[in-house]
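Written out below as structure tokens is the structure these notes cover.
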Amino acid sequence: MPELTTSNALRVGGVVVPGEAERPRTGGWRTGVKPEVDLSKCVNCLLCWLYCPDSAVVLDGTTFTGFDLTYCKGCEICAEVCPVEAVTMVPEETAP
Amino acid sequence: MIETGLRLMTGGEAVAEAMRQIDPDVVPVYPITPQTPIIQGFAKFVADGRARAELVNVESEHSAMSAAVGAALAGARTMTATSSQGLALMAEVVYIAAAMRAPIVMALGNRALSGPINIHCDHSDSMLIRDSGVVQLFAENAQEAYDLTVIATRLAEHPDVLLPVLVCQDGFTITHSAEPVTLLDDEAVTEFVGGYSLPHPVLDTARPTTQGPFAMPDYYFELRRSQTEALEAALAVFGELSAEYEELSGRGYGPLEAYRLEGAERAIVALGSSAGTIKDVVDDLRTDDERVGLLKVVSFRPFPAEEVAALLAEVSSVIVLDRADSPGGAAPLHAELAAALYGRGNELTGHVYGLGGRDLHPEDVRRIFAGEAERYVGLRGEPCPV
């Protein structure tokens, strides 16, 4: 638990600059399903990266590598937009 | 064109002139009576090339205030104007503007809230956003509306404040009534208001920021408190700026104006244009050796409670006049005085007057000083005295 800032030490208007936010693990709110990818089908079109509302698609340069479940909320948009059905949603409890 | 010297103009025109001289970058605004002359006058200055502002014709006051927040935080000096239902529609965003510390100067033509629908003056619109965290200054006449608008620009943008500032002028009584007004030179206003700067403008792409972040129970309370401290700081800053403005203009202001309180046994406390009527009656009664005075509240928010108590320390009978009611509770100014004077031994009474634009006549003020007025001044069927 990071130390909380006191009232008089906050920036004006609660402004947050890069690196200062506490990065809450919003993946904890996930709907109960999570994306899994079959990399043998992936054509690296990056549509999932473009559409993901939580920036939870991880790239290595311009190459798709997987999903960051710390922030994925299970909205299923990546599975919906994938043109080659490389992404499927699986129930949380079957996660490895 | 010569803009200085004594000129005949309404409060609305005077504030439009102040806006031209301040020359804001962005003015998102929606017309509403009795504010309309302000923005009508300013829009003409823009159309004539005499003001540079981007005038944003929005579809509602909610949009006007939202655009104002965005513009002010982007790094543009921003002003807007409204009245009554317009302020009610803005209210949601007024709270957000204060929380995001957007230094927007807002010209308010005070008007009764509906219903029944009415276009005339009372202070119920101001009181609706009493607790929003914005500064509220009340003008007595057109000259004060002009002067306070110029001062408000510096006050809103002061690094210790950074909050919206409302300059309130009574609808019609000030907005539409012509009286002699002295304007400063354009250059003097330009120099007084100076440049616009924010600690974290949104459009500073070299230093990206998150503005208006979500605040959970672990931070909301601290952020609200820091906002309150900024509003409290506005009291001293207003005093400093007023002193500087007095050197420039010869016209002094402060959070309060004590009028003939020396040796006063009875004093009225009031906001806005009624102070002018009360001053005339005080002068008359003083001629008859009646020991009466007036305490005019210029800064309703922040409320200068300690200074109020000090100025009224020797006044045995304090009479508060509210131009807004708080149904089921104490009227707003009366409640402030009750808190400020608690335990100090002054006798405190209060009246509500002038709702929906009903006039307060000198004879009403005489009856109030004499203790012969109704609780609701001039209300038909109201038993008297209080």
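Naming: A, B, ... by sequence-line order, numbering from 1 per chain.
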Are A:Val16 and B:Thr209 close enough, and set up right, to give a side chain to side chain contact (heavy atoms under 4.5 Å, CB included), and what steps lead you there?
CA-CA 6 Å; A:Val16 179; B:Thr209 51; over 6 Å; no

Cut-off 3.5 Å, no hydrogens considered: what does the side-chain donor-acceptor table look like for residues 43-56 of chain A, sequence neighbours left out?
{"residue": "A:Asn44", "atom": "OD1", "partner": "A:Phe64", "partner atom": "N", "Å": "2.6"}
{"residue": "A:Asn44", "atom": "ND2", "partner": "A:Thr62", "partner atom": "O", "Å": "2.9"}
{"residue": "A:Asp54", "atom": "OD1", "partner": "A:Lys73", "partner atom": "NZ", "Å": "2.6"}
{"residue": "A:Asp54", "atom": "OD2", "partner": "A:Lys73", "partner atom": "NZ", "Å": "3.4"}

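If you measure heavy-atom distances from B:Leu223 to chain A, the contacts under 4.5 Å come from both the backbone and the side chain.
Crowding of B:Glu229 atom CD: a count of heavy atoms from other residues, nucleotides or ligands under 6.0 Å exceeding 12. With a 6.0 Å radius and a threshold of 12 heavy atoms from other residues, nucleotides or ligands, B:Glu232 has its CD atom above the threshold.
Applying the side chain to side chain contact (heavy atoms under 4.5 Å, CB included) criterion to B:Ala107, with sequence neighbours excluded, gives B:Val15, B:Ile38, B:Ala81. In this structure B:Phe192 satisfies the ring pair (Phe, Tyr, Trp, His ring centres under 6.0 Å) test together with B:Tyr245, sequence neighbours excluded.
At a heavy-atom separation below 4.5 angstrom, chain A is approached by no residue within residues 85-93 of chain B.
Remark: A:Arg11 CZ to B:Gln211 CD distance equals 11.0 Å, nearest 0.5 Å. For the atom pair CZ (B:Arg225) and OG1 (A:Thr6), the distance works out to 12.5 Å, reported to the nearest 0.5 Å.
Across A:Gly14 and B:Pro213, no two heavy atoms sit closer than the pair O-CG, 2.9 Å. The nearest pair of heavy atoms linking B:Pro208 to A:Pro18 is O-CD, 2.9 Å.
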